[in-house]
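All remarks here apply to the structure that follows.
Below, chains carry the letters A, B, ... as their sequence lines are ordered, and counting in each starts from 1.
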Amino acid sequence: MRILALHSDFIKYEVTKKTKVAEEIDESLKKNEMDECLTVFTSVEKEDMADMDALIAEASKAVRDIARQLNVDSIFIYPYVHLTSSPSTPEFAKEFFPLFEQELAKDHTVKRSPFGYYKSFNISCKGHPLSELSREIHVTPKKEDEEVVSEALVSEERITSSWHVLDVDGSLVDVGDFDFTGHENLKTFVDYEISGSRAAEQEPPHVEIMRKMELVDYEPGSDSGNLRWYPKGTLIKRLLEQHITNVVHSYGAMEVETPIMYDFEHPKLSRYLHRFPARQYTVLSGDKRFFLRFAACFGQYLIKHDMTVSYKHLPLRLYELTHYSFRREQGGELSGLRRLRAFTMPDMHTLVADMDGAKSEFFEQFKLCIRWMEDLGTNFETGIRFVRSFYEENREFVASLVRELGRPVLVEMWDERPFYFVMKFEFNFVDALKKASALSTVQIDIENTERFDLTYINEAGERVNPLMLHTSVSGAIDRNVFALLEQAYMDGQKGTKPMLPLWLSPTQVRLLPINEELVPFCNDLVAQLGDFRVDVDDRSESLGKKIRAAEKEWVPYIVVIGEKERESGLLSVRIRSTGEKADMSVEQMRETLRAQTAGVPYRPLPLPDHLSKRPKFRG
RNA sequence: GCCCCGAUGGCUCAGCAUGGUAGAGCGUCCGCUUGGUAAGCGGGAGGCCGCGGGUUCAAAUCCCGCUCGGGGCUCCA
């Protein structure tokens, strides 16, 4: 940004002609003047668009400094594009000037000439040594540090909230008064949320597991928080992705795919961005700047903006599995699969006509999320958050959610609305280090359909803004894997053998031939168990070692194949989940597997089915 | 962004306080072993001790800077 500040006896202007980009103004502003003032000619530049909040802070600081130096109170802001050769978009500047005026008006008398008009003007400059000053203001990420905090953060700090527990019988009590006996995990979640007590100074257990098991690993060749997935990890991830997509699809969402990067200068997006901390990756393409999406919101908003939607189409659901969403989290915030800079997020946005529609849809999606968590099989605790006024009007609705869930939940009640939503819930997984991480979530958004101009035609034929739900039924897929591994670890600590659900186990059945002559027989068995992931440890190792290797890989069914098996056709199976050994026929084996994998996706083995053919991905 | 910690064969780590020929286990390769429910035996190969500078006759080791990684704080739309 460039400014030219003139200490003036007076400035007068008069609008002569309107341009295409003109802001709407009152008749009274078409002609105005100010005496004894600092006239500030201002042009907003392209680079300023990186951060509106920082720009306002820096610019007003500069102007205040000059005003103090000259000891003037009155400030006249004059939008004047001609100071620069690389102006920002008119939309950005148009948004900037009123905010700039507002900021300076806190401690000065301020007037402003309108943006987007040709004007004639008269100015008298005092002509003393300090009367003509110019400044260049640069908004750089470095300067943002302490002073410039985005609107969203500021408002979050201002908002006070109170914490309660809502029980199944509908009673709402202060957290302090609730008896957590029998709800220890909820207590852990509550402590984490409220006090934020973060003791552990260790690496989360899932990190060692994900590396040792050759699922996922850090990638030193990329930015931190961008991981590499080995074949077994990729299998697990793909299965979860496929499953969540099936679930959401059969719920009635329409799947779409949208770009991963968006134009900083797109007027609607830039305005949205300025509501949030600058945590996005930026990408340069020629001299255009783009940001990598941090959710699927943008693409879906832009599609919905262009759609013609009737009330008959509601609720209308779009879904995308974002491969990837990007958030440039601060270095120290990153943690294994729990917190990443590039992550995979199933994201659904539902348009509904009104608050009644929003509530019934919210309820259905709440049930869908419960089912997901039950399938995943990890622990979870519920947080429900809303604005106080929303609760006052919807007590019964909120209570019905808790009844549906069948156990008490943590409630956070805000005095005023901190973000764009009036209500949300999340299901939080509590990990081995007693930290909580959100998985499923649904939010009722009352702001963005207007902001992004999403509309539908109601029964009266009018074009109106719907309400919108933001939903992730599963939460980030990476984080689901995190939860599965942490849960397995915790199970292991309690004495049960750690394992993944059968449908996600990279190897479901491992055959251990007692000598190499039995390998062909094992190959026949692999073929007979065709629709499952069965492999053969054909290496020339001792049986003990093969068993140990299979156990370390958490293989759910380990089958030793010797002469006895070849003759009888009965398999000697070591069942990980129960620790028992059982003899079963191939057909029984098949049935056992089939019963446990009904309704979930299948993918073939991600590696060669003979262990002797398998490379090591690490160590 | 701030504060702590770390970096040595493919992996996990020892060695570093007191400078003097670089070590182990696992894995890998080659032999032997053909076994019945969690580690059979022997041998070989494999190292710019993260990068750059300094101190020293001599640096994996001491000092400074950097890079990368992890954890904590803050943060988590």
Side-chain angles (χ1 to χ4, degrees), chain A residues 141-146 149-153 155-157 193 196-204 207-208 211-212 214 217-225 272-280 293-295 297-298 325 327-336 338-341 343 345 347 418-421 424 426 428 433 435-438 441 443 445 447-448 470 476 479 497 510 512-519 537 539-553 555 558-565 572-576 579-582 614-619:
Chain A
K142 266 181 236 145
K143 288 188 186 154
E144 293 174 23
D145 292 13
E146 316 101 32
V149 187
S150 85
E151 198 186 321
L153 286 184
S155 64
E156 185 174 63
E157 272 167 26
E193 283 295 303
S197 76
R198 277 138 244 220
E201 190 163 315
Q202 3 160 349
E203 187 177 69
V207 172
E208 191 188 335
R211 306 179 80 192
K212 203 168 253 168
E214 298 191 326
D217 209 342
Y218 295 118
E219 177 48 79
S222 181
D223 191 19
S224 11
Y272 186 61
L273 274 182
H274 296 310
R275 287 214 73 195
F276 299 113
R279 289 282 162 70
Q280 63 276 16
R293 64 176 173 199
F294 38 83
C297 301
F298 312 104
S325 288
R327 295 182 193 180
R328 239 194 67 82
E329 307 289 7
Q330 297 176 68
E333 297 162 9
L334 300 168
S335 165
R338 177 168 176 256
R339 209 58 193 290
L340 296 163
R341 281 186 176 168
F343 55 98
M345 187 73 154
D347 212 343
F419 298 117
Y420 50 74
F421 45 83
K424 70 176 286 203
E426 340 86 40
N428 296 271
L433 269 27
K435 299 184 184 193
S437 308
T441 183
Q443 309 166 350
D445 177 345
E447 197 175 287
N448 282 308
H470 296 243
R479 197 174 265 192
K497 287 184 176 176
R510 173 155 306 161
L512 308 185
I514 235 162
N515 64 47
E516 63 213 22
E517 281 156 31
L518 289 153
V519 173
D537 192 344
R539 297 171 307 161
S540 169
E541 297 288 354
S542 68
L543 183 64
K545 193 159 179 179
K546 290 180 185 179
I547 289 168
R548 184 174 147 82
E551 292 281 0
K552 280 172 68 182
E553 272 192 73
V555 175
I558 300 172
V559 186
V560 174
I561 302 294
E563 280 307 328
K564 274 191 289 179
E565 286 72 22
S572 163
V573 185
R574 186 193 261 231
I575 303 167
R576 186 175 183 83
E580 291 164 353
K581 271 200 301 179
R614 268 181 206 181
K616 287 262 179 308
F617 284 85
R618 42 172 292 130

What protein N or O atoms touch nucleotides 12-14 of chain B N or O atoms at under 3.5 angstrom, if any, and at what distances?
none

Check the interface with nucleotides 24-31 of chain B: list each N/O to N/O pair with the protein under 3.5 Å, or write none.
| from | atom 1 | to | atom 2 | distance (Å) |
| --- | --- | --- | --- | --- |
| B:G27 | OP1 | A:K545 | NZ | 3.0 |

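Protein atom CG of A:N515 is 16 Å distant from nucleotide atom C1' of B:G40, rounded to whole Å. In this structure, A:Y218 atom OH and B:G6 atom P are separated by 18 Å, rounded to whole Å. Rounded to whole angstrom, the span from the CD atom of A:E553 across to the C1' atom of B:A38 amounts to 14 Å. As rounded to whole Å, 8 Å separates atom P of B:A77 from atom CD of A:Q443. Remark: P of B:C76 and CG of A:L334 are 15 Å apart, rounded to the nearest angstrom. Atom CZ of A:R327 and atom P of B:C75 are 16 Å apart (whole Å). Computed from coordinates, the A:D223 CG to B:G70 C1' distance equals 15 Å when rounded to whole Å. Regarding A:L340, its CG atom lies at a distance of 13 Å from the P atom of B:G69, rounded to whole Å.
Distances from the side chain of A:R339 to the nucleotides B:A38, B:G36, B:C76 place B:C76 closest. Nearest nucleotide to the side chain of A:S540, out of B:U34, B:G36, B:A77: B:U34. Which of B:G71, B:A38, B:G36 sits closest to the side chain of A:I547 comes down to B:A38. Of the candidate nucleotides B:A77, B:C75, B:G69, B:G69 has the atom nearest to the side chain of A:S224.
Nearer to the 5' terminus of RNA chain B, by closest-nucleotide assignment, is the contact made by A:K581 (compared with the other of A:E329 and A:K581). Heavy-atom distances to RNA chain B give each of A:K564 and A:P204 a nearest nucleotide, and the one nearer the 5′ end belongs to A:K564.
Nucleotides B:C66 and B:G9 have their P atoms positioned 24 Å apart, rounded to a whole Å. Taking atom C1' in both B:G25 and B:U21, one finds a spacing of 23 Å when rounded to whole Å. Separating the P atom of B:C41 from that of B:G47 is a span of 27 Å, rounded to the nearest Å. Comparing B:G72 with B:G65, their C1' atoms are spaced 25 Å from each other, to the whole Å. B:G23 and B:G46: their P atoms are spaced 14 Å apart (whole Å). Comparing the P positions of B:U8 and B:C49 gives a spacing of 11 Å, expressed to the nearest Å. The same atom, C1', is picked in B:A59 and in B:C16; the two are 10 Å apart, to the nearest Å. Taking the P atoms as reference points, B:C30 lies 50 Å from B:C73, given to the whole Å.
Here the CG atom belonging to A:L518 is positioned 11.5 Å from the CG atom belonging to A:L512, to the nearest 0.5 angstrom. Here CZ of A:R548 is found 12.0 Å from CD of A:E541. Values are rounded to the nearest 0.5 Å. If you take CZ on A:R328 and CG on A:L334, they are separated by 9.0 Å, rounding to the nearest 0.5 Å.
Base pairing of B:G20: its partner is B:C57, meeting the Watson-Crick or G-U wobble criterion (both donor-acceptor distances under 3.5 Å). Look at B:C26: its Watson-Crick or wobble partner, with both distances under 3.5 angstrom, is B:G10. Shown here, B:G52 forms a base pair with B:C64; the pair counts as Watson-Crick or G-U wobble because both key distances fall under 3.5 Å. Base pairing annotation: B:C32 forms a Watson-Crick or G-U wobble pair with B:G40, both donor-acceptor distances under 3.5 Å.
With hydrogens and angles ignored, a donor-acceptor pair under 3.5 angstrom links the side chain of A:E565 to the base of B:G36. Counting distance only, with no hydrogens placed and no angle test, the side-chain atoms of A:S542 and the base atoms of B:U34 include no donor-acceptor pair under 3.5 Å.
Remark: side-chain polar atoms of A:R327 are paired, donor with acceptor, to backbone N or O of A:F294 under 3.5 angstrom. Within the 3.5 Å criterion, the main-chain N or O of A:G562 finds a donor-acceptor partner in the side chain of A:E565. Without hydrogens or angle criteria, A:R341 side chain to A:E329 main chain gives a donor-acceptor distance under 3.5 Å.
The minimum heavy-atom distance linking A:P513 with A:K546 is given by the pair O-NZ, 3.0 Å. Closest approach of A:Y420 to A:N448, counting heavy atoms only: CG-ND2, 3.5 Å. Between A:E193 and A:A436 the shortest heavy-atom distance is OE2-CB, 4.4 Å.
Using a 4.5 Å heavy-atom cutoff, the side chains of A:M345 and A:R479 are not in contact. Inter-residue side-chain proximity for A:E551 and A:K497 is flagged as met; some heavy-atom pair is nearer than 4.5 Å.
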Please walk me through it: do A:K616 and A:E214 pass salt bridge (Lys or Arg N to Asp or Glu O under 4.0 Å)? CA-CA 8 Å; A:K616 287 262 179 308; A:E214 298 191 326; over 6 Å; no
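Distances shown here put a side-chain N or O of A:R574 below 4.0 Å from the OP1 or OP2 atom of B:A38. Considering only side-chain N and O atoms, A:S572 lies nowhere under 4.0 angstrom from the phosphate OP1 or OP2 of B:G36.
Base orientation of B:A17: syn (glycosidic angle within 90° of 0).
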